[in-house]
Amino acid sequence: MDKSIRHSRRTHSGGLLNDCNVGEKVTLAGWVNRRRDHGGLIFIDLRDRNGVVQVAADPKNKEAFKIAEKIRDEYVLSVEGEVSLRPEGTENPNLPTGKIEVIASRISVLNVAKTPPFEIVDDLNVDENLRLKYRYLDIRRKPMLDSLKLRHQVVTTVRNFLNDYGFIEVETPFLTKSTPEGARDYLVPSRVHPDHFYALPQSPQLFKQILMVSGIERYYQLARCFRDEDLRADRQPEHTQIDMEMSFVEQDDILSLVEEMMKRVFESLGMNLEIPFERLNYDEAMEKYGSDKPDVRFGMELVDVSKIVINSGFKVFDNVIESGGVVKGINAKGCGKFSRSQIDVLTKFVSVYGAKGLAWIQVTEDGEIKSPISKFFSKETIDSITKTLDANSGDLLLFVADKKEIACESLGQLRLHLAKEMDLIDKTTYKFLWIVDFPMFEYDENEKRHKAHHHPFTSPNEKTISLLDKEPLFVKANAYDLVLNGVEVGGGSIRIHSQDLQRKIFSLLGLSEIDINEKFGFLIEAFQYGAPPHGGIAFGLDRLIMLLAKKDTIRDVMAFPKTQTATCPLTGAPDKVTDKQLRELHIRVK
RNA sequence: GGGGGCGUGGUGUAGCCUGGUUUAACACACUGGCCUGUCAAGCCAGAGAUCGCGGGUUCAAAUCCCGUCGCUCCCGCCA
């Protein structure tokens, strides 16, 4: 007997009963999933965590029947009865418990329930705000329950795996110090220290590195991370990371350990996973897919046609190339019949990503070229373009001419958009991909300074470290992202463990000596006491579960997520507080 | 900060473009009744919305206009 089931009020879980239990007297507890009253016979589908079982109340048992007549959906019941095979012909093959039913000898109502604001059914279509307000009812639904069970399963497997590999789980503070760089912090005012604030951690990054200095060697934590930025379907103000750090390792050690871990996770879910994962360097990913998190479940790769179209006389293309830009294209296979207005929609789509236009060439069914720009090109050029993009009858070639980043990114997004529209993605597969050789820095046009692409604690690649002073944008980082089906599910790096190098990176990021000492002095100081070489990685647990559960948003795999405006419809957070609370915190509002 | 979509009984939608035969319709849920093999039970009857909110146009607004709020998707942002 499952330890999780037996209580004084329950001998069995109704959802787990089957024909092996026939003849047993059982006591069940659960919620009324549905009641079907036949006048002379009442069926109650009793639901618990494991599923639903049919309880039959017969008028022969007057007392139980009388109670069954008054029962409503979502009442909480205790039911005693005997497990019986259903009469022949009345089995329900759609239900795991469909061969049997429980003939009620006693029914008692443990609690009544109001009619819920929405039905407790698997296939629910209601406003998400309502679901969040009544999340406790939403979670009674099987898909939600399944998501939470899946999440638990994955977390358990990960913990077991890391424990097996000698990792120690260490908790790090929620109330910590606000540091520059990175996302906006959630701040917590200090009562004891007027004008001083804690910040909730964006990640345990600094603590886990310090734990390496402490000699923990292998650390992990299922860490809650807080970021006060705008929300998306895959971004919440608080999310959970599987956070790891190891001493005396190199990039390959971490990548292969992670591959083993993912393999184990997939195995625990009954799936096989091929390892090692494919690796792609950042430049190549941008070049071919226009993304640092490409979905490689389908092709439609980006092709650079700058060399073909250069000096062909088409001003728009020539000007872009002359000023250092590129012309890139994709082949939307089978979209050759797209109407002008359909293409207009695509043009609008790429404009969101900064593309100023979308050039196109249609290859019609009879192999004719249809295009507003073909008149600028010689037949040879057209042939060369179609050949390079592997264009056949019925294809649509789409081009963006712009700065390299814009051309790549907008076409990369278009590639994804078209793949979804044309249903090119095999949703049954999981394709992991490592992105490696990230740039160390990127230039922030607004702030007119370099920013760390990954984070300021990432070490530069030895081969490019000599460029730090002269050409920082060409320096590669020892950083790596794990991408699954086009979603960034993890990222990490080999860290800096030398105080001198760390100071240098900070100063390249525009931090003054004073800033460095004030904001990161404790880290630099720690590095002076024998910091081991170390590196690590962190996974977005919510995103990983989202993909495994085949959901479109991480909200569906979190018990109590926030709305897009970072509110909680269930509790009403955030909320005003009393003047007294504010006074104690030395805060004046407005 | 910006752009798109949505907002009509408890829930999901229709109606809106083209204002008036609409007493705001339909399905599910709900309430009562009938019914002993249903499992999306069935049948009969019933209750329930002044159309997110505010303002405007008009003889007349769910419908048109302006503003606003909420939800959502995206851009920016998210080392």
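The sequence lines fix the lettering, A, B, ..., with proteins before strands; numbering per chain opens at 1.
- For rG32(B), the paired nucleotide is rC44(B), the pair qualifying as Watson-Crick or G-U wobble because both relevant distances are below 3.5 Å.
- If you take atom C1' in rG1(B) and the same atom in rG9(B), they sit 38 Å apart, rounded to whole Å.
- A donor-acceptor pair shorter than 3.5 Å can be found between the side chains of Tyr219(A) and Asp243(A).
- Rounded to a whole Å, the CZ atom of Phe43(A) is 13 Å from the P atom of rA40(B).
- The separation of rA62(B) from rU23(B), taken at their C1' atoms, amounts to 15 Å, rounded to a whole angstrom.
- For the P atoms, the distance linking rU63(B) with rU21(B) amounts to 14 Å, nearest Å.
- Judged by centroid separation below 5.5 Å and plane tilt below 30°, His38(A) stacks onto the base of rA41(B).
- Between rC65(B) and rC16(B), the two C1' atoms lie 14 Å apart (nearest whole Å).
- Pair check for rC78(B) finds none; no Watson-Crick or G-U wobble contact set falls under 3.5 Å.
- Taking only side-chain nitrogens and oxygens, Thr567(A) comes nearer than 4.0 Å to OP1 or OP2 of rC71(B).
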What nitrogen or oxygen pairs link the protein and nucleotides 27-31 of chain B at under 3.5 Å?
from: rC28(B); atom 1: O2'; to: Glu119(A); atom 2: OE1; distance (Å): 3.4
from: rC28(B); atom 1: O2'; to: Glu119(A); atom 2: OE2; distance (Å): 2.8
from: rU31(B); atom 1: OP1; to: Arg72(A); atom 2: NE; distance (Å): 2.8

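- Legend: residues meeting salt bridge (charged side-chain N to carboxylate O under 4.0 Å, His left out) with Asp283(A), ordered by chain and number and at least two apart, are Lys476(A).
- You'll find that the side chain of Arg86(A) is closest to rG37(B), out of rG37(B), rU36(B), rC78(B).
- Between Arg131(A) and rU11(B) there is no side-chain polar atom (N or O) within less than 4.0 angstrom of OP1 or OP2.
- Residues passing the side chain to side chain donor-acceptor pair (under 3.5 Å) test with Asp542(A), sequence neighbours excluded: Arg151(A).
- Between Glu63(A) and Lys70(A) there is no salt bridge, since no side-chain nitrogen of the basic residue lies less than 4.0 Å from a carboxylate oxygen of the acidic one.
- Here Ile42(A) lies out of heavy-atom contact (under 4.0 Å) with every strand.
- Among the atoms of the strands shown, none is found under 4.0 Å from any heavy atom of Glu88(A).
- Counting any heavy atom pair closer than 4.0 Å across all strands shown, Ala233(A) reaches sugar-phosphate atoms only and no base atom.
- Of the P atoms belonging to rA14(B) and rU8(B), the separation is 10 Å, rounded to the nearest Å.
- Note: NZ (Lys562(A)) to C1' (rC78(B)) measures 17 Å, nearest angstrom.
- Listed nucleotides: rG12(B), rG37(B), rC39(B). Nearest to the side chain of Asp127(A): rG12(B).
- Comparing Asn92(A) and Arg184(A) by the nucleotide of RNA chain B whose heavy atom lies nearest to each, the residue mapping closer to the 5' end is Asn92(A).
- His453(A) meets the side chain to side chain donor-acceptor pair (under 3.5 Å) test with Glu442(A); sequence neighbours excluded.
- Applying the salt bridge (charged side-chain N to carboxylate O under 4.0 Å, His left out) criterion to Asp45(A), with sequence neighbours excluded, gives Arg36(A).
- Summarising the base pairing, rC6(B) is matched to rG70(B) through a Watson-Crick or G-U wobble pair whose two defining distances lie under 3.5 Å.
- Proximity note for Glu128(A) (side chain, C-beta onward) versus rG70(B), rU72(B), rA41(B): the nearest is rU72(B).
- Counting distance only, with no hydrogens placed and no angle test, the side-chain atoms of Arg35(A) and the base atoms of rC39(B) include no donor-acceptor pair under 3.5 Å.
- At a threshold of 4.0 angstrom between heavy atoms, the contacts of Pro87(A) include nucleobase atoms, whether or not backbone atoms are also involved.
- Atom NZ of Lys99(A) is separated from atom C1' of rG37(B) by 19 Å (rounded to the nearest Å).
- Place Lys348(A) and Pro117(A) on RNA chain B by their nearest nucleotides, and Lys348(A) ends up nearer the 5' end.
- Of all nucleotides present, only rG56(B) satisfies the Watson-Crick or G-U wobble test against rC64(B), with each distance under 3.5 Å.
- Straight-line distance from the CD1 atom of Ile100(A) to the C1' atom of rC39(B): 13 Å, rounded to whole Å.
- Residues satisfying the salt bridge (charged side-chain N to carboxylate O under 4.0 Å, His left out) test with Lys562(A), not counting sequence neighbours, are Glu238(A).
- Rounded to the nearest Å, the gap between the P atom of rA49(B) and that of rA60(B) is 26 Å.
- When distances are taken from the side chain of Gln564(A) to each of rC77(B), rC73(B), rC39(B), the shortest belongs to rC73(B).
- Out of rG37(B), rC75(B), rC78(B), the shortest distance to the side chain of Val352(A) is found at rC75(B).
- Between Glu119(A) and the options Arg141(A), Arg140(A), Arg34(A), a salt bridge (charged side-chain N to carboxylate O under 4.0 Å, His left out) holds for only Arg34(A).
- Rounded to whole Å, the C1' atom of rU11(B) lies 33 Å from the corresponding atom of rG56(B).
- If you check every strand for non-hydrogen atoms under 4.0 Å, Ser203(A) touches a base.
- Residues Tyr480(A) and Tyr282(A) place their aromatic rings such that the two centres sit no closer than 6.0 Å.
- Rounded to whole Å, the distance from CD1 on Ile44(A) to C1' on rU36(B) is 15 Å.
- For the P atom pair drawn from rG33(B) and rU38(B), the interatomic distance equals 23 Å after rounding to whole Å.
- Comparing rG76(B), rC71(B), rG37(B) by their closest approach to the side chain of Thr565(A) singles out rC71(B).
- Within the 4.0 angstrom heavy-atom criterion, base atoms lie near Asp230(A).
- For Asn125(A), counting side-chain heavy atoms from C-beta on, the closest listed nucleotide (rG12(B), rC74(B), rA41(B)) is rG12(B).
- A donor N or O paired with an acceptor N or O is found under 3.5 Å between the base of rC77(B) and the side-chain atoms of Arg235(A).
- The partner of rU23(B) cannot be assigned: no Watson-Crick or G-U wobble pair with both contacts below 3.5 Å exists in any strand.
- At a cut-off of 3.5 Å, with distance as the only test, a side-chain donor of Ser13(A) or Asn50(A) sits close to an acceptor on the other residue.
- Rounded to whole angstrom, the span from the CD atom of Glu181(A) across to the P atom of rC77(B) amounts to 14 Å.
- Phe118(A) comes within 4.0 angstrom of nothing in the nucleic acid, heavy atoms only.
- Proximity of the aromatic rings of His38(A) and Phe43(A) is defined here by a centroid distance below 6.0 angstrom, and this criterion is met.
- Arg555(A) comes within 4.0 angstrom of the backbone, heavy atoms only, and of no base.
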